[in-house]
Amino acid sequence: MSDVAFYIIGSLVVVASIACWLLNLFTLPGNWGIPILAIGMAWFFPTDSLPDGSATPGVGWMAVGVLVGLAILGEILELVASAAGAAKQGASRRAIVLSLFGSFGISMAGAVLCSGLVPVIGTLIGAVVGGCAGAWGGAYLGEMWKGRSQPDRLAAGHGAAIGRVLGTISKLLVGAVMVGVITAAVFI
């Protein structure tokens, strides 16, 4: 295939990677779409060395490995930040686990419910606010289940909500690096 076709398809892959990255705002695993796109590029457009020492345009498997590693890092950062926010406030393991489940479940429900208000913005707001509310509610219920006092429940919920926001920001930052990596792999 010609170099022109590679760069056209590569440009579309970069745009698709940005769309995948934005899916993180809706609590979907968008960062994982980026290595999948890179695998497709490496499979169909591998880098080959020519006899004169130059190389054909393509995406190498090293870039795919870096992207998979970054996607794993993003998931770990999101999970650790979400759990650490509640744990920092002295939350129990039960509260931490319930905050993680509540965060995911309520963010999806919030995204679906708010999507009818304003199509894209409503979905985004519903997912972010729902994620924070779910984390807060899960931690609060976990502490209530353990028989902890009202101030302890409120502190655990507050920590879980802040942890959720920091986790989402961490995952978005890693995703931005991933978009940069796939862009460099395609165009450099």
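Values below: every heavy atom of this structure, side chains too, minus hydrogens, waters and symmetry copies. Throughout, numbering of the chain's residues begins at 1 and tracks the sequence.
- In this structure, Arg148 CZ and Arg94 CZ are separated by 9.5 Å, a value rounded to the nearest 0.5 Å.
- Side-chain atoms of Gln150 and Leu154, non-hydrogen and from C-beta on, do get closer than 4.5 Å to each other.
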Side chain to side chain contact (heavy atoms under 4.5 Å, CB included) assessment of Ile9 paired with Phe44: CA-CA 11 Å; Ile9 293 170; Phe44 291 107; over 6 Å; no
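- Taking the side chain as every heavy atom from C-beta outward, Trp136 and Ser99 never approach each other to under 4.5 Å.
- Considering all non-hydrogen atoms of both residues, Val68 and Pro35 come closest at CG2-CB, 3.9 Å.
- When each of Asn31, Thr168, Ile169 is paired with Asn24, the side-chain contact (heavy atoms from CB on, under 4.5 Å) condition holds for Asn31 and for no other.
- One finds the CD1 atom of Ile18 at 9.0 Å from the CD1 atom of Ile34 (value rounded to the nearest 0.5 Å).
- There is a path of hydrophobic side-chain contacts, each under 4.5 Å, that joins Met178 to Leu23.
- A salt bridge links Glu78 to Arg164: one of the charged nitrogens lies within less than 4.0 Å of a carboxylate oxygen.
- By the rule that hydrophobic residues join a cluster once side-chain heavy atoms approach within less than 4.5 Å of another member, Met41 and Met62 end up as members of separate clusters.
- A heavy-atom distance below 4.5 Å is not found between the side chains of Val174 and Trp21.
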Test side chain to side chain contact (heavy atoms under 4.5 Å, CB included) applied to Leu22 and Leu25, step by step: CA-CA 6 Å; Leu22 290 173; Leu25 292 171; 4.1 Å; yes
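- Pairing each heavy atom of Ala156 with each of Ala139, the nearest pair is O-CB, 3.6 Å.
- There is a path of hydrophobic side-chain contacts, each under 4.5 Å, that joins Leu37 to Leu70.
- Within the 4.5 Å cutoff, the side chain of Leu79 has no heavy atoms near those of the Ile76 side chain.
- In this pair, Phe187 and Tyr7 present their aromatic rings parallel. The plane angle is below 30°, not in the 30 to 60° band.
- Shown here for Ser17 and Val179, the closest heavy-atom pair between the two residues is O-CG2, 3.9 Å.
- Side-chain atoms of Glu143 come within 3.5 Å of backbone atoms of Ser92 as a donor-acceptor pair (strictly under, hydrogens ignored).
- Of the possible donor and acceptor atoms, none in the side chain of Ser103 sits under 3.5 Å from a partner among the backbone N and O of Leu100.
- Hydrophobic clustering (ILVMFWY, side-chain heavy atoms < 4.5 Å, transitive): Leu141 and Val97 are in distinct clusters.
- Residues Trp61 and Ile182 share a hydrophobic cluster, clusters being chains of Ile/Leu/Val/Met/Phe/Trp/Tyr side chains in contact below 4.5 Å.
- Annotation: side chain of Thr47 is not in contact with side chain of Val59 (no heavy-atom distance under 4.5 Å).
- Smallest separation of non-hydrogen atoms from Cys132 and Ala161: O-CB, 3.8 Å.
- With a 4.5 Å cut-off on side-chain heavy atoms, Cys20 and Trp32 do not count as touching.
- The shortest distance between side-chain heavy atoms of Trp145 and Tyr140 does not fall below 4.5 Å.
- In plain terms, the two heavy atoms of Gly10 and Val186 that are nearest each other are CA-CG1, 3.6 Å.
- The heavy-atom pair separating Ile96 from Ala83 by the smallest distance is CG2-CB, 3.6 Å.
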